[in-house]
Amino acid sequence: MKRYYPWLMAVMGMLVLLVSNGLTITGLTAFDESLLKEFGWTRSELKLRDLITLVLAGWMSPFMGALIDRVGPRKLILGGLALLAALYFAYAHVHSLTHLYWIHVGFAAVLVAAGLNVAVIFVSQWFVTHRGTAIGIALVGTSLGGMVFPKLGVHLMQTMDWRAAFVWETAVPVAFLVVAFLFARSPRPGGIPPWGADKAAADAISGKPVAIPLADLGYQQAMRTRTFWVLAFVAMTTFFSIMAVSANLFLHMRDLGFEPAKAGNALGLMFGLAMVGKFLFGFLADVLPAKRVFLLNLAIMAAGAVILATMRADLIWYSLALFGLGWGGLYTMIQLLAVNAFGLTAAGKILGTITLLDATTAGLGIWVTAKIFDVTKSYHIAFSLICVLIVLALLAATLVRDERARLAKP
């Protein structure tokens, strides 16, 4: 059991993201129609909540990244899950837009404390080799959240109102808080070694050729590299796109004439394929050049975006499959390429800064898409914009390089 403990921690990272991302972002979409009917808000007024969450999470990320580097991820994960449970209970008693927006300020703290950056660093600590596969397993959690929680919300509202459904869903973060408290641990001296560390040590003792470890880049060094800004640009454009689509998809499917259950299935399909993509392309990145896998992900996502922009109900399932598959792999590759290019020493600050940028555009994507619908009564212009952004990201991605290896050359 001790030998495979690092893989258990990869699964733990997956469970943390399942809950934190699933409940704060995708899981809420199942309640959109009920909230709009009860309060009479416009779509852009409702979706402003997501802009608040993601922008604030982005701006808090660099500061929290420094905290991750100092105190480690475990305490942040526990605090984030506890806060999430309290906020979900508060959601059941929301009575105004102002109240709603304040809850989403809290969700920003949840995403920073128990979200992407913390999970990636937590899992990366446990792996010297097979890091791509491990990160892919952890990031499956974001897709599982998109599959599970919209369907759970729809199912609960078949037998109760939306407020009662929120109360019942509060049990989810409480349960996972207990699991994380009991099992989540970081490596420590004299304890269970990270995966691959024992093999590297044995090779060194036996005299076998061992690759010289590449020096990690500091935060300021990373900020001066081309790769940092390319990864940031790709993250900004693709996060804008995926969040714009996922947050508005349920309502878009309803506009196309699909029943609520099938609209929930659409999210399940997209995030299900994203789950496959995270694991599949994370594994491929361990056996193929990571940059090649990165470009493939973007090409697949672009193909799905083009089909989605046709606005054809008979093609939407194909577009969601491609969009989700490409995004799933891309989500893994951005994190992996950043860790590989710059190392772990300043990973919290580096990933936190990228998150600041991409979370801001992600929140804008959700709100701008809803605003375009309010003005035009269609998502066509918004989905066309998404196509353009992903193509630009694909072109930019050709400029990524391994900065640690480049600086190590004489």
Side-chain angles (χ1 to χ4, degrees), residues 10-11 13-32 115-116 119 132-156 169 172 176 238-239 241-254 256 258-285 293 296-308 313-335 362 366 383 386 390:
V11 174
M14 177 188 72
L15 295 177
V16 169
L17 290 177
L18 163 70
V19 177
S20 64
N21 280 46
L23 288 178
T24 58
I25 302 175
T26 51
L28 293 175
T29 60
F31 298 94
D32 287 352
L116 176 64
T133 302
I135 292 177
I137 290 172
L139 296 188
V140 161
T142 58
S143 299
L144 277 177
M147 293 176 62
V148 171
F149 293 118
K151 287 188 175 183
L152 176 61
V154 170
H155 175 74
L156 289 174
E169 288 197 16
V172 176
F176 280 91
T238 55
F239 271 62
S241 303
I242 188 65
M243 295 308 301
V245 172
S246 63
N248 290 277
L249 181 60
F250 188 89
L251 294 174
H252 176 56
M253 295 291 289
R254 296 288 286 136
L256 292 177
F258 292 96
E259 294 299 317
K262 284 207 170 181
N265 288 340
L267 281 165
L269 173 67
M270 187 171 73
F271 284 99
L273 269 295
M275 178 181 67
V276 173
K278 284 167 184 164
F279 179 78
L280 173 64
F281 292 110
F283 171 77
L284 287 177
V293 179
L296 176 61
N297 294 149
L298 281 164
I300 293 172
M301 189 177 177
V306 169
I307 299 174
L308 182 65
D314 59 327
L315 295 179
I316 193 166
W317 302 104
Y318 301 104
S319 68
L320 296 179
L322 290 171
F323 201 82
L325 183 65
W327 163 246
L330 183 67
Y331 200 67
T332 300
M333 295 309 303
I334 290 173
Q335 315 309 314
I366 295 171
F383 290 166
I386 287 169
I390 297 175

*Go through Thr29 and Leu249 one step at a time and tell me if the side-chain contact (heavy atoms from CB on, under 4.5 Å) criterion holds.*
CA-CA 8 Å; Thr29 60; Leu249 181 60; over 6 Å; no
Distance col, row Met333:CE vs Leu284:CG, nearest 0.5 angstrom, shows 9.0 Å
Output for pair (Thr238 OG1, Leu298 CG), nearest 0.5 Å, gives 7.0 Å
Shortest non-hydrogen pair, Thr24 vs Ser20, comes out as OG1-O, 2.5 Å
Checklist entry - Should Ser246 and Phe271 count as side-chain neighbours, where that means a heavy-atom distance under 4.5 Å? => result yes
Does some side-chain heavy atom of Val245 sit less than 4.5 Å from a side-chain heavy atom of His252? no
To the nearest 0.5 Å, atom CG of Leu139 lies from atom CG of Leu18 at 12.5 Å
Interatomic distance, CD1@Ile307 vs OH@Tyr318, rounded to 0.5 Å, equals 9.5 Å
> Any side-chain heavy atom of Phe323 sitting closer than 4.5 Å to one from Ser241?
Replying inline: yes
Closest heavy-atom pair, Ala134 versus Ala10, reported as atoms and distance to 0.1 Å, is O-CB, 4.0 Å
Within-4.5 Å side-chain heavy-atom neighbours: Asn265 and Met253:
no
Please test Phe281 against Leu296 for side-chain contact (heavy atoms from CB on, under 4.5 Å), starting from the C-alpha separation and ending with a verdict.
CA-CA 9 Å; Phe281 292 110; Leu296 176 61; 3.8 Å; yes
Ile386 and Ala244 have their tightest heavy-atom pair at CD1-CB, 4.0 Å
Closest non-hydrogen atoms of Ser319 and Gly304, given as atom of the first, atom of the second and distance, are CB-O, 3.4 Å
Report yes if some heavy atom in the side chain of Leu23 is under 4.5 Å from a heavy atom in the side chain of Phe149; otherwise report no. yes
Here the gap from Leu325 atom CG to Leu320 atom CG, rounded to the nearest 0.5 Å, amounts to 12.5 Å
Note: Pro150 and Gly145 closest approach over all heavy atoms is CD-O, 3.4 Å
Does any non-hydrogen side-chain atom of Asn21 lie less than 4.5 Å from one of Thr26? no
Between the CG atom in Asn248 and the CE atom in Met243, the distance rounded to the nearest 0.5 Å is 10.0 Å
For Ala313 and Phe258 the tightest heavy-atom approach is O-CZ, 4.0 Å
